[in-house]
Amino acid sequence: MFKKILIANRGEIALRVIRTCREMGIKTVAVYSTADKDSLHVRFADEAVCIGKPPSVDSYLNIPHIMAAAEITNADAIHPGYGFLAENSKFSQICADHNIKFIGPTPEMINAMGDKITAKETMIKAGVPVVPGSGGLLQSLEEAKQLAKDKVGYPVILKATAGGGGKGMRVVWNEAEMEKAYNSAKIEAAASFKNDGIYMEKFVEEPRHIEIQVAGDQYGTVCHLSERDCSIQRRHQKLVEESPSPFMTPQLRKDMGDAAIKAAQAINYESVGTIEFLVDKHRNFYFMEMNTRIQVEHCVTEEVVNFDLIKEQIKIAMGHKISGKNYEPKMHAIECRINAEDPYNDFRPSPGKITTLHTPGGHGVRVDSHVYVGYVIPPYYDSMIGKLITVAQTREEAIDAMYRALSEYVIEGVKTTIPFHLQLMKNEDFRSGNFNTKFLESFTMK
Ligand code: MV4
C-alpha cells in the first residue's frame with residue numbers, strides 16, 4: 001500500500017490525482033515551480049516542495065530536484081500525470097533505482113513504444129494492423145523515391161522514428177515533391193529529436209483519430225475500456241474528445257478492442273495506456289502509436305464506463321489484479337478543452353490574470369480545472385484552463401448539455417476557446433458525426 005504519493009506535475013491533472021489520493025486515504029506531495037507558488041495543487045496537497053525556477057527544464061522536467069523532493073518527504077510513489085516526465089524512460093528507471101514506484105509503465109515498456117519503427121515491428125509480430133510502408137528506416141532519397149513509386153504508391157507520408165504527435169511529418173503527393181520533403185523531414189527530425197531517422201507510410205486520406213483506452217496489470221491481464229474519438233484537432237492539438245465515437249459500430253469496437261489488447265500484451269504493458277489508431281472511411285484501422293501515460297482526455301472514458309482511471313492506475317501500481325473484462329460505453333460524454341487562446345486570432349496563447357470566473361454546473365456537467373478568480377495563467381506551460389465534460393444518454397443530449405454549459409461559462413481577463421466550442425456545438429457536420437482529422441482545416445470563426 002502506498003502511504004504517500006508525490007505528484008510530479010501541475011495544473012488540473014495534479015488536482016485530479018490529489019482528489020483520487022484523498023478518496024483512497026493516501027497522503028500527497030505537490031511539487032511546484034516558483035511561477036506556481038499560488039496554485040491550487042500546492043494548497044490541496046498535504047505537503048508541497050518548491051523544485052525550481054519557472055522554465056520546465058528547471059522544475060517539472062528536473063529529475064534530480066523531483067527525486068530530492070520525494071526523498072525529503074519520504075514518498076513511496078510518484079505519479080507523473082501527462083506531459084513533462086510521463087513518458088521519460090530514464091525517469092521511470094531512476095524511480096525504480098530509488099525504490100520509489102513510478103505510477104506508470106517500466107522503462108522497457110516506454111522504450112518499446114518510444115521508437116516508432118520498433119513499435120510498428122512489434123505490432124506486426126503481434127498481428128495488429130499497421131499502415132503499409134517502408135518497414136524500416138529510409139537509407140537514402142533514392143530509396144525513398146523507389147519505394148514510393150514501386151511499392152507503397154503515392155501519396156505517402158514521411159515520419160520521424162523518434163517522433164510522434166506530428167513533428168517531422170511530410171505528406172508527399174508525387175515524385176517531384178520527394179526531395180524537398182525528404183530533406184526537410186530529416187532536418188526537422190534531427191532538430192526536434194536528435195535523431196534524423198525517418199520512415200515511409202502510405203498516406204491515409206481524411207482519417208479519423210480513434211484511440212482505445214487500455215489497462216494492464218502486473219500479471220499480464222489486459223482489458224480495454226472502449227474508444228475515444230479525437231478527430232477534432234488543430235495542428236495536432238486536440239480540442240474536443242468524445243466517447244463513444246459517432247463512427248463506431250459494435251463489430252469495429254470489438255475488432256479495435258481486440259487489436260488494442262494484443263498491442264498492450266505484446267509489450268507486457270502495466271498501467272493505463274492508450275492505443276491510437278487511424279481509421280479510414282471504409283473502417284479499416286491501423287495502429288499509429290501508443291501513449292504510455294494517462295491522457296488529458298481520460299475523463300470522457302471515466303464518464304461513459306463509470307470508472308475512476310486514476311484510482312485504477314494507482315491500484316495497478318500497488319499490485320492489484322484486474323478482472324480482464326472489457327468495458328462498454330453506457331453513456332455519451334464529450335470534452336471541450338478550455339484553453340487561454342484566442343480562437344479569432346489563430347488560437348494564439350493568451351496568458352494573464354483571470355478577473356471574473358463563473359463555472360458551469362448542473363446535471364451531467366463536470367469541470368476539471370485548477371483556476372480561480374485572481375489566478376494568473378503563467379506563460380511557461382501549456383495554456384489549458386480546464387476541461388468541460390458533459391455526459392448524457394445520447395450524443396445529441398451531450399452536445400445540447402455542452403452548449404448550455406459553455407453558455408454559462410464566464411471567464412474574463414484572458415481570451416478562451418469557449419467561443420470556438422459554442423460555434424462547433426451548433427455545426428451541422430459536427431452534430432451529424434460527419435467529421436475527420438481534416439475538419440478544422442476548413443472551419444472558420446464567425
Ligand atoms: C498519418 C496520417 C495519414 N496517413 N499516417 C499525425 C500525428 C501522428 N501521430 C500521426 N499523424 C498522422 N499520421 C498515415 N499513414 C495522418 C496523420 C494526421 C493526423 C492523425 C491523427 C489526428 C490528426 C491528424 C492530423 C494530421 C495528420
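Given the structure is predicted, the values throughout are model-derived calculations rather than measurements. Residue numbers start at 1 and run along the sequence shown. Order of appearance sets the numbers: ligands from 1, and atoms from 1 within every ligand. Just the heavy atoms: all of them, side chains too, but no hydrogens, waters or symmetry mates, feed the values below.
A salt bridge links Arg431 to Asp400: one of the charged nitrogens lies within less than 4.0 Å of a carboxylate oxygen. Residues Lys281 and Glu206 are not paired through a salt bridge, judged by the lack of any N-O separation under 4.0 Å between the basic side chain and the carboxylate. Asp97 has no carboxylate O lying under 4.0 Å from a charged side-chain N of Lys90, or vice versa, which leaves the two without a salt bridge. Residues Arg366 and Glu302 are paired through a salt bridge, judged by an N-O separation under 4.0 Å between the basic side chain and the carboxylate.
Taking only non-hydrogen atoms, the option from Glu211, Arg234, His236, His209 nearest to atom 18 (C) of ligand 1 is His236. Of the options Lys202, Glu205, Met169, Lys167, the smallest heavy-atom separation from atom 8 (C) of ligand 1 is shown by Met169.
Distance from atom 4 (N) of ligand 1 to its nearest protein heavy atom, with residue and atom name: Val204 N, 2.8 Å. Residue, atom and distance of the protein heavy atom nearest to atom 9 (N) of ligand 1 are Glu289 OE1, 3.0 Å. Of all protein heavy atoms, the one closest to atom 22 (C) of ligand 1 is Thr437 CG2, 3.3 Å. Distance from atom 20 (C) of ligand 1 to its nearest protein heavy atom, with residue and atom name: Leu278 CD2, 3.8 Å. Nearest non-hydrogen protein atom to atom 10 (C) of ligand 1 is Met288 SD, 3.3 Å.
The Glu201 neighbourhood of ligand 1 comprises atoms 5 (N), 14 (C), 15 (N), with distances under 4.0 Å to a heavy atom of that residue. Every atom of ligand 1 is numbered from 1 in the order shown, and the set under 4.0 Å from a heavy atom of Gly166 is 7 (C), 8 (C).
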Exercise for the section: Could you give me the CA-CA distance, side-chain angles and deciding distance for Ile18 and His41, then say whether side chain to side chain contact (heavy atoms under 4.5 Å, CB included) is met? Expected result: CA-CA 8 Å; Ile18 290 169; His41 74 285; 4.1 Å; yes
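A donor-acceptor pair shorter than 3.5 Å cannot be found between the side chains of Arg208 and Thr437.
Within the 4.0 Å heavy-atom cutoff, Lys159 counts among the residues contacting ligand 1.
Judged by a 6.0 Å distance limit and a 45° cone about the ring axis, Lys426 is positioned over the six-membered ring of Tyr403. Geometrically, Lys180 does not engage Tyr182 in a cation-pi contact, judged by NZ or CZ lying under 6.0 Å from the ring centre and within 45° of the ring axis.
Checked by distance only, ligand 1 and Ile157 stay at 3.5 Å or farther apart across all their nitrogen or oxygen atoms.
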